[in-house]
Structure formats: C-alpha cells, structure tokens
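This report concerns only the one structure given below.
Values below: all heavy atoms of this structure, side chains included; hydrogens, waters and symmetry mates excluded. So you know, we letter chains A, B, ... as the sequences are listed, proteins then strands, and number each from 1.
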Amino acid sequence: MSIYDKLNEPQREAVYHTDGPLLILAGAGSGKTRVLTHRIAYLIEERNVNPWNILAITFTNKAAGEMRERVDSLVGFGSESIWVSTFHSMCVRILRRFIDRLGYDNRFTIYDTDDQKTLMKEVCKKVAIDTKVFKERSLMSAISSAKNELILPDEFELNAGGDFAKLKIAKVYREYEAQLKANNALDFDDLLVKTVQLLQTQPDVLENYQERFRYIMVDEYQDTNTVQFQLVRLLAGKYRNLCVVGDDDQSIYKFRGANIRNILDFEHEFSDACVIKLEQNYRSTGNILNAANRVIANNKGRKEKTLWTANGEGELVHLRQFDTGYDEADFIAEDIKKEVRAGASYNDHAVLYRTNAQSRLLEEKFVAMNVPYKIVGGVNFYARREIKDLLAYLKTIDNGMDDIAVRRIINVPKRGIGLTTINRIQESAAERGLGFYETLMAPELIPGIGRSAAKLDSFAALIEYFKGLTGQMSITDLLREVIEKTGYMESLDSEDKEDAQARKENIDELINKAAAYEEAAEDRDEPATLSAFLEEVALVADIDSLDEEQDYVVLMTLHSAKGLEFPHVYLAGMEDGLFPSYMTITSDDRDDLEEERRLCYVGITRAEQELTLTCARRRMVRGETQYNKISRFIKEIPAELLDTGSRRIEPETEVPVQQNTYAHAREAFRARAFGAAYSNGAGKSSGVSSGKSSQGLASLQKGSQLAAGSGGSPDYAEGDRVRHVKFGEGTVLEIRSGGRDYEVTVDFDSAGVRKMFAKFAKLVKIS
DNA sequence: GCCGCCAGTATTTTT
DNA sequence: TACTGGCGGC
C-alpha cells in the first residue's frame, strides 16, 4: 500500500496530474496541503523529478516551514533542496543575486510601512505637496495599488489624463521611486515589481529560473495580485507545469491588491488547464460546515461548489449575545476554562475577531483569569520603537546608503544633533548629489554647520567603528556592542519606568532572535550575514511565531487565521458595524460586503468541533458607546443550526444576558490557586506556563460542571479503545456517572492518564 | 535644541 | 480612547 492510497479520488487525481497547468479548487478543510505535499512527494519519488526543480510558494513563512516538514516525512530525503517560500522571500533571494542588473546595489534594504511613511513625508516636502490635502497614507496606498498592477510612474501619469489630483500623485510616485533608489531601498511591493522587471528585461536570468523551476506550485492562489500572477506566469512560461491551489470563497485580501480574477480566469489564461475540485471537508462537523455553506451561498459570482463532510453532525453552533464587550470577553475566558477543566487544552481554542482593537478586552480578561494566551498581530514586534532604532543601526552599518535609517539614529540616543543640523546635512547632500551619511562624514564641507561638526565627527566615528567589527564578530555580539557603545539602555531609563522595562525586555528578545538566526544559518550551512538577518526580520509575519506545541489560547484577526484550524473557535464581535464593518455596510460597492462575507466563511470554517459566535449589544469603540445589532451574517445561518443558550433568540429583541453565577466565587479562589500563568503576547513570545488546576479547584469545578452538563451516556465502556482529538488513542480505565455527565479516565498511549468529562472530551470509540 | 502640551484623527484587514 | 504631529516656551 502506498502513501497515495489514503487520498480520496479527486485528491489522487490532483497528485497524479503532474504536467501542464492545473487548477485545484480546494474548499476549506479539503486537504489541500495534503495534496500539495503528496504531489511533491509523487514528483520526486515516482516521476524522478529532481527536488531542486520544484518551487512551492506559500502565503506565510510558517506555512512554508510546515510544508517542507511534511514533505520531509513523506520522502525522507531531498526535501531540503526544494525551494519552498513566500512570494516575498523568493523575490528577495532572486534580487540579492541579480538586482545589480537594474542598477541597484545587491545589499539593498527593505522598507516597512513605517519607513515608507517617513520617506513619503520627505517626498511630499520636496514636491511641495500639502499633506493635509493628500494624506501620506492615501498616497502610499495609491502607489501600492499601482505597483500591484505593475503600473510604473510613466504609465500612471499617462493614465491620469488631465486629472489634476492624479497628476500630483504621479509626481509623488516618481519622486518616491527616485528616493527609494537613492537610498538603495525597496518597499514590499518593489520586491515583486523589481523581480518581474528583472525577469522581463534579462533573458538569461529568466532562462536560468525557468530551467530551475520546472514544477511550480502556488498555494492560496485566490489571494495573489497582478504582479504575483505575472511573476508566476514568467517563471512557468517555459515548462508550463504550474499547479495553483485556492478557494475563491476564501479570497480576503482585496485591500492588498489581491485579484480574484486570477483564480476565476485561470482557465482562460491557460486554456488547456485541468480543473479539479476538492469538495470533501475533513475538518469540521456537519453543523459547522452547513452554517458556513449557508452563509457563503449569499455571495454571487463564485465558482459553484458544495462542501460536504462524512463527519457527524456534531454540536450546534453556539450563539451568545451579551450586554457589553466586557461580558463577552468574560464569557469566552470562562468558557475556555470550563472546557480545560473538562480535559481540553488551552491550545484547542482560538478567539477570532475582525479588528485588532478587540483583542484588548479579551487580553485583560485572560490576564485576570490566568488563561494563558498569545495574541497574533497587532503592533508588530519589529515595528516597536526600540527595535526599529537598533535595526536602524544595523542597517546603517550594513548599507550606508539608507538615509532613513541614518536619520533615525543620528540623534538616538540624544547626542545634541538637532533638526537644524539634520536639515543642513540634507540640503548639502541634495545639492551635491550625495547620500546623507556620506555627507555627514565630512562636516567641514557643510555650510553653516558650526559647532555641530564635532558631534557629527564622533557619530561617524562610532558608525565606522561598528562597520569595522562586522567581519570579525557575530551579529549577536555586534548588536550587544551597539547597545553598549551607544548607551542605549541607559537612555531608556530617562523615560517612564514601566515603558523602559518592557523595552529592555524587547531588546533582549531581539538579541535572542539574532542568536536564533545565527544558529539556524549554521544549521543550513550558510554564512550568517547582517543583510540576511535584516531581511529575515523584515519579512516575518507575526503569525510565523505561532507555536502549536505551546499550550495557549490564540487570539487573532480573521485575516491572520487563514489556513489554520482549531477544535474550538470563538468568533467574537459578531455585530453589524463591526463585522461586517461599518465601512463595508455603507460602501456602495457590493463586492466589499461579499469580501466581508468570505471573511466570515473563513472564520467559521476554522472550527473543527465547536463554534461559538458571540456579540454584544453595546460596545466601546474609540471612546464612545456603539449600539449594534446582531451581524447580518448570523441571520444567514438557519436557526436550526444554532443553539442560543437557555432561550430562543430573536435577533431584533432582547436576549438574556449570559451570566455565570459561579464567576465571582471562583475569581477569588483562583487568585490563590494559580500562579502567574499567562503570557502577554506583546513581544515576549515564549515562556508560557500552563495553569494546571489544583485539587481543590478541580472539585469545585466538578460541581458546577455536572450541574450544567447534559447529554446521553457514552457509547464506549471501560476497557475500550478510544480516540481523543488532541491526546490521540488510549484505553478507557474508568467511567464514573455523576449527575448528567460522565467522568471518564483514559490512559492515553502518548499523553498518559487523564480524567475528563464525556460531554467535552468527545471520545470516539475505535475497534 | 529640547520638552511638554494641545488638537486632530483614526481603525478594517497585512506581506 | 490613544496615538501622533505641530507648535510654543524655555
């Protein structure tokens, strides 16, 4: 029996279809990763394709890592030479080798949103644009959309016609590009655009990569934008062995330029394309899947498909409405604790929401209740001030042409170099056509610099000193040296104490990350270079740090949740105005609401066993109270799929507030029973200790649990073999009846002896 | 050159 | 509510 026998019919077909264009329409939870990994294995083992000739593009670094791992376990060898990466990191790799052909230095730096904004301000000043009329943000997004459509400044200007505003933007765009180049920097979009330009203009480079990537696979294809599409088309142009996997119902990145037509029109673009639909869902229960199907059915213009499952119906979808966001958060935290007491793990649970701001209330509750958690997203670790400062030092050391970085640190910590001086350097640099750093190296040539010259000299000497260390010192040590010699830590002390403490911890974390990078580079037998470290740092998404092994509840936006799955999912803030957001409700573009609905579909289909939808009648948004109705998406779910708690819910009328009468008594008890057992996701990504309940607490909970529990007797007996979602297989040692639930003791093969309540454990008997 | 206060704005999502 | 940027006083 081969590994391919376990696949279902369409899955196998997709695996065996190795040559020519192939579109796999993979519904949520239909095993697409499985198909991709098996397909790679099949190429290598059965078709004797050299792993070196395979390229797999994923959406996140995390997905890339997992894919490699899974291929590894299937094939056993060669998986390390498969090129698995995200679009962005792939482009960086190509550009590091060849971007000099486009007139850049190969040690270019990558600008994040923050840097872009700084640069944009600069540009506006130079082009005399009033940033009150044209906001930096909107300029940036206009330029970004243009880049995503592969529209360069010339064409942009041409398209503007006589439109005054557009002509202005074109001017800004042109200047912005010029400055990026002068700084030897690329923004996120450039990584893709420049790669396409490179391949379009350098036939030998194109040939090189076409020969190398004979088999190409693209995951999450519904979220590719036009540049990405062109890139793939160029790369696959010769051998045409292109396999794309996606689900138009899960396209949720329109705001980032994702072009849903890429997937809808694939068959037009590649007329000989084979199309395979994967419609069997292995992830969710019938009820959850039905709810998802009913919601998404309200969208027009989708590729028809009907997801079905052989899994049982499972529980109904829970719906709970509360008075306020606080009550909602309270319920979620409490509910998770309840399930954990019944044998589930914290990491069986995820709380998903529409906007990052919603995480705050949840976080507060989780801290108060000692529920270990991890927040994904929000303010990026690498966007924190102290981290950006130190990275700016490293960037300056690595690439002296990055003006933004130099300017950021020239007076951090304070060295008495003020705005006047900076402007003088700037002007002089512009006049002579030199870089900022270059100019300040010779202060005596800067008009009017006066007494600041000495300060500039010592700053330059400091940077030069660091530069001299790069070859002989590890990145970690260099970083330590920078912190030491600049007196950065001491400078933090002059701020608020609490802030300073958190910042110092973040800096320690940065040092750890540098060390981790160096270790990883050594494992890969690559030299650990400063450029490579900075680039890795620029391209990580917060989601990449998610660790399934760690026992914490995951809190994140619906967007971040794409591609993940959890036994129990909470969708919080299911209110009109929040989700769907106010913006989309009032938008006159119907597509906006459809995208929002797809987001809802993504959320629902993350759940394997249980799904809980929650909403609040009123909620504080930006300091003022908002009164919201239940989300229209909930109304699209048939009532018979919903469990609304103790009473029937009527969407427009009052619903009883869910209150846990035990909450108060427990709160006090818990304060003593648990130690500090939560992680704050803000930067300190590790070090979660799980809160194991004490004896006393366990018995207290039993009381409440049994009183509240329901359900029939288990369909297994003592001595039977059973399977648990998380702990795997085991033997039932004891079943004790009590009230309306059963307490089951199971000896798991790998997880040891555990006690749990039958209602929550959902053990499945195996023969 | 530095610091602190005030006003205005924002939040929808992110590589 | 919370953050940012601009402005004025020292």
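Across all strands, L578(A) comes closer than 4.0 Å to no nucleic acid atom at all (heavy-atom distances). Among the atoms of the strands shown, none is found under 4.0 Å from any heavy atom of R451(A). Looking at heavy-atom distances under 4.0 Å, A541(A) makes contact with sugar-phosphate atoms alone, never a base. S560(A) comes within contact range of the sugar-phosphate backbone alone, with a heavy-atom separation under 4.0 Å but no base atom that close. In this structure, K414(A) reaches the sugar-phosphate backbone alone: every heavy-atom distance under 4.0 Å involves primed, P, OP1 or OP2 atoms, never a base. Residue T420(A) is classed as a sugar-phosphate contact, given heavy-atom separations below 4.0 Å to backbone atoms only.
In this structure, Y517(A) and F533(A) have tilted ring planes: the angle between them lies in the 30° to 60° band. Classification of the F59(A)-Y253(A) ring pair by plane angle, with boundaries at 30° and 60°, yields tilted.
In this structure, N411(A) atom CG and dG1(B) atom P are separated by 9 Å, rounded to whole Å. Spacing between atom CG of L558(A) and atom P of dT14(B) amounts to 10 Å, rounded to whole angstrom units. For the pair F188(A) CZ and dT14(B) P, the computed distance is 13 Å after rounding to whole Å. Atom CD of E220(A) is separated from atom P of dT14(B) by 15 Å (rounded to the nearest Å). dT4(C) atom C1' lies 18 Å from atom CZ of R384(A), rounded to whole Å. Rounded to whole Å, the distance from CG on L352(A) to P on dT12(B) is 19 Å. The CG-C1' distance, from D223(A) to dT15(B), rounds to 11 Å in whole Å. Between R598(A) atom CZ and dT12(B) atom C1' there is a gap of 15 Å when expressed in whole angstrom units.
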- prompt: Given E636(A) and N298(A), is the side chain to side chain donor-acceptor pair (under 3.5 Å) satisfied, shown in steps?
  reply: CA-CA 8 Å; E636(A) 293 170 358; N298(A) 292 285; 3.2 Å; yes
- request: Begin from the C-alpha positions of K374(A) and L555(A) and carry the test side-chain contact (heavy atoms from CB on, under 4.5 Å) through to its verdict.
  value: CA-CA 6 Å; K374(A) 158 125 184 144; L555(A) 281 65; over 6 Å; no
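Centre separation under 5.5 Å together with a plane angle under 30° does not hold for the ring of F255(A) and the six-membered base ring of dT14(B), so they are not marked as stacked.
With dT15(B), dA10(B), dT12(B) as the candidates, the nucleotide lying closest to the side chain of K135(A) is dA10(B). Of the candidates dA10(B), dT14(B), dC3(B), dT14(B) carries the atom nearest the R256(A) side chain, counting heavy atoms from C-beta on. When the nucleotides dC2(B), dG1(B), dT14(B) are ranked by their closest atom to the side chain of T421(A), dG1(B) comes out on top.
For dT1(C), the OP1/OP2 oxygens have no side-chain nitrogen or oxygen of R360(A) closer than 4.0 Å. Considering only side-chain N and O atoms, T86(A) lies nowhere under 4.0 angstrom from the phosphate OP1 or OP2 of dT15(B). Between N225(A) and dT15(B), a side-chain N or O to OP1/OP2 separation shorter than 4.0 Å is absent. Contact between the side-chain N/O atoms of N356(A) and the OP1/OP2 oxygens of dT11(B) is not found at any separation under 4.0 Å. At the phosphate of dT12(B), neither OP1 nor OP2 sits under 4.0 Å from any side-chain N or O atom of T557(A). The phosphate of dT11(B) has neither OP1 nor OP2 within less than 4.0 Å of any side-chain N or O from S581(A).
Comparing S452(A) and T60(A), the nucleotide of DNA chain B nearest to each residue sits closer to the 5' end for S452(A). Projected onto DNA chain B by closest heavy-atom contact, H88(A) and T355(A) fall at different nucleotides, the more 5' of which corresponds to T355(A).
The neighbour count for Y326(A) OH, taken as heavy atoms of other residues, nucleotides or ligands under 6.0 Å away, does not exceed 12. Atom CD of E624(A) has 12 or fewer heavy atoms from other residues, nucleotides or ligands within 6.0 Å. Open room surrounds NZ on K126(A); 12 or fewer heavy atoms of other groups in view lie less than 6.0 Å from it.
For the pair R407(A) and Y437(A), the cation-pi criterion (under 6.0 Å, within 45° of the ring axis) is not fulfilled. For R93(A) and W83(A), the positive end sits near the middle of the six-membered ring, less than 6.0 Å away and at most 45° from its axis.
dG5(C) and dT12(B) are spaced 24 Å apart, taking the C1' atom of each and rounding to whole Å.
Within residues 190-197 of chain A, no residue has any heavy atom under 4.0 Å from DNA chain B.
Side-chain polar atoms of N148(A) and N225(A) form a donor-acceptor pair below 3.5 angstrom.
Shown are K562(A), K254(A), Q228(A); of these, the side chain to side chain donor-acceptor pair (under 3.5 Å) with D223(A) is made only by K562(A).
For dT1(C), its base never sits under 3.5 Å from the side chain of R622(A) at any donor and acceptor pair.
In this structure a side-chain-to-backbone donor-acceptor pair under 3.5 Å is present from T586(A) to Y582(A).
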At a cut-off of 3.5 Å, list every protein nitrogen or oxygen paired with a nitrogen or oxygen from nucleotides 5-10 of chain C, distance to 0.1 Å.
unit_1, atom_1, unit_2, atom_2, d
dG5(C), OP1, K121(A), NZ, 2.8

